[in-house]
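First comes the structure, then the notes that go with it.
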2 protein chains.
Amino acid sequence: MPDNKAKTLKPTSDAVEILHRRLYEGKPARLKNLEEARANEEIARKIQELRSAAALTQTQLAKLIGTTASVICRLEDVDYEGHSLAMLRRIAGALNQRVEIRFVPIRRSA
Amino acid sequence: MPDNKAKTLKPTSDAVEILHRRLYEGKPARLKNLEEARANEEIARKIQELRSAAALTQTQLAKLIGTTASVICRLEDVDYEGHSLAMLRRIAGALNQRVEIRFVPIRRSA
DNA sequence: CAGTTTATTCGCAATATTGCGAAAACGCAA
DNA sequence: TTGCGTTTTCGCAATATTGCGAATAAACTG
């Protein structure tokens with residue numbers, strides 16, 4: 001489950017800089033749409049959680065919904081931003097769940 | 001939801017139930033998709049409801065999220081099956097809402 | 001009724017998501 | 001270390017969703 005998309009970084013021995021890179025480098029989307037990014041993370045984690053709870057490997061779950069392990073892996077990547085309702089429903093269906101969608105008001109604090 | 005007999009349906013004014021009867025009564029082959037179809041209906045109605053509550057025309061909402069009225073109309077069509085998380089979030093964002101997604105266990109029965 | 005606004009339908013191009021294999025990386029145990 | 005199963009990454013084709021205008025229908029006003 002990759003937490004990091006950064007690639008081809010030049011070498012460094014500064015631990016602080018390494019952490020900084022891990023958190024912020026190459027992730028403008030996270031800074032701009034923090035809320036959405038966090039929601040995607042939550043979805044990814046939830047999928048992983050459900051699969052683990054069902055004691056299934058990525059390959060096993062993949063077969064259940066008619067796809068491959070690499071697809072499941074992609075869904076469980078917290079940086080993946082392409083989650084679709086269709087796929088969530090397929091996952092849910094295979095794990096005896098249903099996808100509940102609600103619109104909840106946002107309190108735009110003063 | 002009351003159980004349904006093959007004959008002597010009692011009267012109803014609920015449009016959803018009428019549609020349900022017309023499309024799915026006595027057709028177990030389609031029951032598999034019923035849940036998803038109803039979920040899509042719910043989404044469509046919710047979007048329409050939110051837009052109305054905000055006192056916006058389809059054109060106005062469309063401009064808010066950077067698209068056209070025909071797209072909004074499509075989203076509000078209860079038979080539309082192409083709902084995406086991305087679009088729901090755009091709608092929600094324009095109407096000061098957020099999209100909450102939950103996986104809830106379902107009791108699988110006949 | 002004629003005007004005006006809003007809503008709906010249709011077709012196709014543009015964009016986004018999925019399918020899928022292959023290779024590499026990882027974790028673990030003998 | 002090796003072997004083995006699992007996970008991750010990458011690239012591109014296939015499919016699905018969106019963008020958008022134009023035409024039509026429907027609803028509303030005067």
Without decimals, in angstroms, what is the distance between [X] [atom1] and [N] [atom2]?
| X | N | atom1 | atom2 | result |
| --- | --- | --- | --- | --- |
| L56(A) | dT6(D) | CG | P | 11 Å |
| Q60(A) | dG5(D) | CD | P | 12 Å |
| E81(A) | dT17(C) | CD | C1' | 13 Å |
| L75(B) | dA7(C) | CG | C1' | 14 Å |
| H83(A) | dT17(D) | NE2 | P | 17 Å |
| L88(B) | dT18(D) | CG | C1' | 13 Å |
| Q58(A) | dG21(C) | CD | C1' | 16 Å |
| R51(A) | dT6(D) | CZ | P | 10 Å |

N-O pairing of R45(B) and E42(B) below 4.0 Å: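 Result for this pair is no, no salt bridge flagged.
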Between R38(A) and E41(A), is the closest basic N to carboxylate O distance under 4.0 Å?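 Salt bridge absent between E41(A) and R38(A).
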Step through the shown structure and confirm whether more than 12 heavy atoms of other residues, nucleotides or ligands are within 6.0 Å of CD on E81(B).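 No, CD of E81(B) has 12 or fewer neighbouring heavy atoms, counting only those of other groups under 6.0 Å.
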Using the 3.5 Å cut-off, write out each protein N or O paired with an N or O of nucleotides 19-26 of chain D and the distance between them.
from	atom 1	to	atom 2	distance (Å)
dG19(D)	OP1	R90(B)	NH1	2.8
dG19(D)	OP1	R90(B)	NH2	2.7
dG19(D)	OP2	T67(B)	OG1	3.2
dG19(D)	N7	R74(B)	NH2	3.2
dG21(D)	O6	S70(B)	OG	3.0

Looking at V99(A) and A92(A), what are the two nearest heavy atoms and their distance?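 Of all heavy-atom pairs spanning V99(A) and A92(A), the closest is CG2-CB, 3.7 Å.
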side-chain N/O T57(B) vs dT5(C) OP1/OP2, d < 4.0 Å: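 No, no such contact exists.
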Check whether any side-chain nitrogen or oxygen of Y80(A) sits under 4.0 Å from OP1 or OP2 of dT18(C), and answer yes or no.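 For Y80(A), the contact criterion (side-chain N or O under 4.0 Å from OP1 or OP2 of dT18(C)) is met.
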Is a donor on one side and an acceptor on the other found under 3.5 Å between the side chain of R51(B) and the backbone of L56(B)?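 Answer holds: yes.
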Could you tell me whether the side chain of V71(B) reaches within less than 4.5 Å of the side chain of R74(B), counting heavy atoms only?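 SC-SC contact between R74(B) and V71(B) confirmed.
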